[in-house]
Amino acid sequence: MSARRFMITSRAIRDGYASFDGELFNHIVRVLRLSPGDDVQLIDENGVVHYGIIDQVAKEWVAVKITASGPVADSISIAPRITICQALPKGEKINLILQKGTELGAHDFWLFGGRRSVAKLRDSQQDSKLERWKRITAEASRQCGRIDIPDVSWRPSAVEAANDAGHELRLIMWEGERDHSLKESLSVGSPPSSVIVAIGPEGGFDPLEVRHFSQRGFQPVSLGTRILRTETASIAILAIIQYTWGDT
Ligand code: SAM
């Protein structure tokens with residue numbers, strides 16, 4: 001099994017050892033049940049990867065003996081930065097989208113209030129919801145061994161989201177699209193540096209929203225004739241883009 005990766009701060013390293021207590025200890029020892037002799041990779045805030053072997057597991061802390069250190073392989077930098085521009089869905093669906101999107105390598109999530117979003121986000125809820133959403137991406141990053149944590153941001157409407165997009169390739173998932181195939185949109189020459197994909201809520205996009213996205217350079221693309229749930233569309237398109245240009 002390839003070594004598990006954890007994000008650390010370089011402060012945890014002293015005299016050739018890294019030691020952890022708290023959440024990271026709990027994840028390594030209690031959740032993953034790693035034990036002395038297991039290989040780990042520790043990525044610090046400077047983009048340095050420290051290769052190590054678990055040396056000691058105590059009641060509330062774990063020590064890793066560092067065997068080598070070096071820059072993180074730049075394989076990760078060739079994949080385009082993928083932004084999932086997601087209309088807020090009902091209930092807890094957003095948790096699934098954030099978790100699976102993080103596992104599938106989304107660079108960041110722009111959430112917005114779709115005209116047909118059933119769920120509404122009041123200003124007073126914004127901070128607490130963003131905090132909760134960021135906890136989900138942080139936890140998912142740790143679980144899948146990512147060396148970065150996707151950011152989550154909020155925009156009140158599709159218009160703001162469309163206006164903010166400066167990505168090289170812009171797609172809007174539109175089940176009504178019949179002319180433009182996804183294959184065409186993804187068969188551009190070299191991989192784009194950045195991609196943003198807009199996905200509508202349960203009630204879909206309002207035609208005015210589709211028009212605004214199109215005016216901002218978003219290409220409507222279809223995932224076929226079946227109507228997918230918003231979370232299915234979000235996860236599927238991310239996997240397809242990663243398969244086409246990413247690091248999977
Ligand atoms: N308009 C849909 C209907 O008639 O039931 C409702 C929207 S669908 C549940 C949620 C979102 O997923 C859509 O706004 C779209 O972004 C995406 N989506 C669903 N099926 C799709 C498909 N076949 N092709 C492209 N996008 C799709």
Side-chain angles (χ1 to χ4, degrees), residues 80-121 129 133 136-137 140 150 152-188 192 194-246 248:
R81 282 184 307 108
I82 306 167
T83 298
I84 293 295
C85 182
Q86 175 72 47
L88 190 62
K90 270 189 300 197
E92 304 290 293
K93 283 184 186 180
I94 190 59
N95 300 355
L96 182 79
I97 291 168
L98 293 172
Q99 186 187 64
K100 300 312 167 200
T102 299
E103 292 170 41
L104 282 166
H107 176 265
D108 56 354
F109 297 90
W110 292 8
L111 308 186
F112 66 91
R115 289 166 71 101
R116 295 181 182 173
S117 282
V118 174
K120 300 294 177 207
L121 188 67
K129 284 282 188 186
W133 292 332
I136 291 170
T137 56
V152 186
S153 55
W154 169 256
R155 287 164 178 79
S157 75
V159 171
E160 270 100 338
N163 291 350
D164 285 356
H167 299 68
E168 189 177 337
L169 179 62
R170 303 171 203 170
L171 305 174
I172 174 171
M173 303 312 297
W174 172 240
E175 59 281 11
E177 178 59 33
R178 289 290 173 267
D179 308 334
H180 214 87
S181 82
L182 180 58
K183 221 181 252 22
E184 281 169 292
S185 297
L186 299 189
S187 55
V188 292
S194 56
V195 185
I196 183 167
V197 190
I199 301 108
E202 295 85 355
F205 279 119
D206 173 300
L208 284 177
E209 288 173 325
V210 177
R211 197 171 70 198
H212 190 80
F213 273 114
S214 304
Q215 285 164 351
R216 299 289 304 162
F218 282 70
Q219 295 167 31
V221 287
S222 167
L223 279 171
T225 54
R226 289 181 295 280
I227 298 295
L228 310 177
R229 289 176 185 272
T230 187
E231 61 272 30
T232 311
S234 195
I235 294 166
I237 187 63
L238 188 45
I240 292 167
I241 293 173
Q242 282 292 29
Y243 171 75
T244 308
W245 290 309
T248 43

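When a ligand or atom number is given, it counts from 1 through the structure's own listing order. Count residues from 1 along the sequence.
Without hydrogens or angle criteria, Ser117 side chain to Pro201 main chain gives no donor-acceptor distance under 3.5 Å. Looking at Ser157, its side chain does come within 3.5 Å of a backbone N or O of Val159 through a donor-acceptor pair. Remark: the backbone N or O of Thr230 is not paired with any side-chain donor or acceptor of Ser234 at under 3.5 angstrom. Looking at Glu209, its side chain does come within 3.5 Å of a backbone N or O of Arg115 through a donor-acceptor pair. Although no hydrogens or angles enter the test, the distance criterion places a donor-acceptor pair under 3.5 Å between the side chain of Gln242 and the main chain of Leu104.
Polar contact with ligand 1: present for Gly224 (N/O pair, distance under 3.5 Å). Any N or O atom pair closer than 3.5 Å counts here, and Arg229 shares no such pair with ligand 1. Close N/O approach between Gly204 and ligand 1 is not found [any backbone or side-chain N/O within under 3.5 Å]. At least one N/O-N/O distance between Met173 and ligand 1 falls below 3.5 Å.
Heavy-atom proximity to Leu228, at under 4.0 Å, picks out these atoms of ligand 1: 8 (S), 9 (C), 10 (C), 12 (O), 19 (C), 20 (N). Listed by number with element, the atoms of ligand 1 under 4.0 Å from a non-hydrogen atom of Arg226 are 20 (N), 22 (C), 23 (N). Atoms of ligand 1 found under 4.0 Å from any heavy atom of Ile227, numbered from 1 in the order shown, are 2 (C), 3 (C), 5 (O), 20 (N). Applying the 4.0 Å criterion to heavy atoms of Glu202 picks out, from ligand 1, the atoms 6 (C), 7 (C), 9 (C).
Residues in residues 168-178 take part in these side-chain hydrogen bond (donor to acceptor under 3.5 Å, both in side chains) pairs, two or more places apart or across chains: Glu168-Ser193. Residue pairs meeting the salt bridge (Lys or Arg N to Asp or Glu O under 4.0 Å) criterion with at least one member in residues 81-107, sequence neighbours excluded: Glu92-Arg132, Lys93-Glu202, Lys93-Glu231, Lys100-Glu103.
Nearest protein heavy-atom contact of atom 14 (O) of ligand 1 is Gly200 CA, 3.3 Å. Closest to atom 25 (C) of ligand 1, if we only count protein heavy atoms, is Leu223 N, 3.4 Å. Considering only non-hydrogen protein atoms, atom 21 (C) of ligand 1 sits nearest to Glu175 CB, 3.6 Å.
Ring pair Phe205/Phe112 is parallel by interplanar angle, where below 30° counts as parallel and above 60° as perpendicular.
Counting heavy atoms under 4.0 Å from ligand 1, residue Ala233 touches it through the side chain alone. Contact annotation for Val221 and ligand 1: only backbone heavy atoms (N, CA, C, O) come within less than 4.0 Å of the ligand.
Between atom CG of residue Leu111 and atom CZ of residue Arg155 there is a gap of 9.0 Å, rounded to the nearest 0.5 Å.
Contact analysis puts Pro201 in contact with ligand 1, with a non-hydrogen atom separation below 4.0 angstrom.
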